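Take a look at the structure set out below.
In what follows, chains are A, B, ... by sequence order, proteins preceding strands, each numbered from 1. Model, not experiment: these values are computed from the prediction.
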Amino acid sequence: MNTGSTTTTFRVKDYDLAATLMSGQVFRWDRRDEGWIGVVGARWVHLRSHDCSLAAETVEPVSDWDWLARFLQVDISLNEVLLTFPGDEPMRAAVAACRGLRVLRQDPWECLASFILSSTKQIVQIRQVISLLSRKFGVPLPVPPSYAPAFAFPSPVRLAGATEAELRFCKMGFRAPYLLAVARKVASGKFDLDRLREMPLAVARNELMTLPGVGQKIADCVLLFAYGAQSAFPLDVWVLKALRQLYFPWKRASIQQLRRFATGHFGPNAGYAQQYLFHYVRTKMKMRSPKPKRTSLARVEKK
DNA sequence: TACCAGGAGAGCG
DNA sequence: CGCTCTCATGGT
């Protein structure tokens, strides 16, 4: 009988693990021991990147690693994805800046809940809120000796039984009633996350947008990051700025114009392209303070 | 200290 | 449709 192992290796080329785990798709991974610590489903996982492979370690023996291969999307040929990108200069620069960035495949509930909590928050804050939420409501998981405690992402049923005040204690502010309402809909079966898989993309998107706290941007994030909708194109403030500066520096493009441009321009893997643009503007372009502040004048004068 | 953050919803014309 | 305001909270 095969009881499995606590370690495995995935052979994969062009996989920038650090960029992928820290590019605002997932919010629960921390650097440690030359690698990364995180939770996938109900398992504590340690990941480490090598030249042409990813090494994984769990606490309890695993006989079937499909769940992790799926999360990491190690079977995707990055080159085939990149070949579908438009050959324009901004896209070329974005890819060159971070070849190896991947789009993960997350659990739908964790992804949906996480992005409901993401609105108008910085990534570091999102990480903090989700950490507090998991610690307070998540099931504790076995971890190796000397490692920090780890928790599963709280289930819809668990959160549905919480109060708004308890959620607000996790510093999620006005997003608390949204998360609570959505948790209750999912827990009660009134909203079926599995059913979205069988729907055409536009229908699934509209379904998600019926949920409180879920608009176009968050719906697109969930479709892209959890359901594998490669053409979904989350349009957030960063990607907006990137499109305006890189593609329309000469005019004031409205958000609707940019949305239409994006869905037509970036092809079948538009979501993947979006992730490269997002990472590119956040790490390389340093487009801080798009409009001059009055207060900065005094500072300049002082200099 | 002010501004801003992987937005969404409600109220308005 | 498109604009504006508000929501809570911490980072820079």
Side-chain angles (χ1 to χ4, degrees), chain A residues 19-29 94 98 101 103-104 106 110-133 164-182 185 205-226 229 232-245 252-260 262 270-300 302:
Chain A
T20 300
L21 294 178
M22 296 304 284
S23 62
Q25 308 177 53
V26 286
F27 305 98
R28 306 187 63 203
W29 290 83
C98 191
L101 178 62
V103 171
L104 299 164
Q106 305 178 40
E110 176 169 349
C111 187
L112 172 61
S114 296
F115 278 95
I116 285 172
L117 298 177
S118 77
S119 74
T120 329
K121 268 191 173 302
Q122 298 181 142
I123 289 178
V124 279
Q125 296 177 263
I126 302 167
R127 293 171 58 88
Q128 183 191 23
V129 169
I130 293 176
S131 173
L132 286 170
L133 186 72
E164 183 179 323
E166 286 178 311
L167 294 181
R168 281 180 184 267
F169 189 72
C170 301
K171 302 182 177 179
M172 64 184 70
F174 61 85
R175 304 154 194 87
Y178 294 153
L179 180 62
L180 186 56
V182 173
K185 276 194 170 186
R205 190 168 186 263
N206 284 333
E207 278 297 301
L208 282 168
M209 287 173 60
T210 65
L211 296 171
V214 180
Q216 298 183 48
K217 189 269 174 180
I218 291 176
D220 285 336
C221 282
V222 174
L223 290 169
L224 175 63
F225 298 140
F233 195 92
L235 201 47
D236 74 325
V237 289
W238 287 100
V239 177
L240 266 179
K241 287 176 186 172
L243 292 181
R244 286 192 168 122
Q245 178 159 332
R252 299 180 41 154
S254 73
I255 185 166
Q256 290 302 335
Q257 288 176 302
L258 292 171
R259 194 180 304 283
R260 257 179 270 123
Y272 231 104
Q274 171 273 160
Q275 199 61 16
Y276 273 86
L277 290 172
F278 178 77
H279 191 268
Y280 181 54
V281 296
R282 279 176 37 85
T283 58
K284 306 288 193 241
M285 292 176 65
K286 300 296 177 195
M287 4 199 319
R288 306 307 301 167
S289 68
K291 46 188 172 188
K293 312 287 191 301
R294 249 197 309 281
T295 52
S296 69
L297 232 169
R299 209 172 302 150
V300 171
K302 196 177 163 189

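The aromatic rings of A:Tyr276 and A:Tyr272 lie parallel to each other, their planes meeting at an angle below 30°, with 60° marking the opposite boundary.
Between A:Leu179 atom CG and B:dG9 atom P there is a gap of 14 Å when expressed in whole angstrom units. One interatomic measurement links the two molecules: CZ of A:Phe233 to C1' of B:dG7, which rounds to 17 Å at whole-angstrom precision. Note: CG (A:Asp220) to P (B:dG7) measures 13 Å, nearest angstrom. The distance from atom CD of A:Gln216 to atom C1' of B:dG7 is 11 Å, rounded to the nearest whole Å. Distance, A:Ile255 CD1 to C:dC1 P: 12 Å, rounded to whole Å. As rounded to whole Å, 14 Å separates atom C1' of B:dG7 from atom NZ of A:Lys241. We find that CG of A:Leu258 is positioned 16 Å from C1' of B:dG6, with the value rounded to whole Å. For A:Arg28 and B:dG6, the CZ to C1' distance is 19 Å, given to the nearest whole Å.
Both A:Asp236 and A:Leu211 lie close to DNA chain B; mapped to their nearest nucleotides by heavy-atom distance, the more 5′-ward contact belongs to A:Asp236. Between A:Gln274 and A:Val214, the residue whose closest nucleotide on DNA chain B is further toward the 5' end is A:Gln274.
Taking atom P on both nucleotides, B:dG6 is separated from C:dC5 by 23 Å, rounded to a whole Å.
Here A:Gly24 lies in heavy-atom contact (under 4.0 Å) with a base. Contacts of A:Phe225 with the nucleic acid, taken as non-hydrogen atoms under 4.0 Å apart, include base atoms. Counting non-hydrogen atoms under 4.0 angstrom, A:Ser23 reaches a base of the nucleic acid.
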Quiz item: Which parts of nucleotides 4-12 of chain C does protein reach within less than 4.0 Å, heavy atoms only, written one letter per nucleotide 5' to 3' as B for base, S for sugar-phosphate only and - for none?
Solution: ---BBBBS-
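The backbone N or O of A:Gln25 sits nowhere less than 3.5 Å from a side-chain atom of A:Gln275 that would complete a donor-acceptor pair. Under the 3.5 Å distance criterion, the side-chain polar atoms of A:Arg127 are matched with a main-chain donor or acceptor of A:Trp29. The backbone N or O of A:Gly271 sits less than 3.5 Å from a side-chain atom of A:Gln274, completing a donor-acceptor pair. Checked by atom type and distance alone, the side chain of A:Arg175 never pairs as donor or acceptor with a backbone atom of A:Gly213 at under 3.5 Å. In this structure, the side chain of A:Arg205 does not engage the main chain of A:Asp220 through any donor-acceptor pair within 3.5 Å.
Checking A:Ser254 against A:Gln256 by side-chain atom types alone, no donor-acceptor pair falls below 3.5 Å.
For B:dG6, the base is not stacked against the aromatic ring of A:Phe115, per a cut-off of 5.5 Å between centres and 30° between planes.
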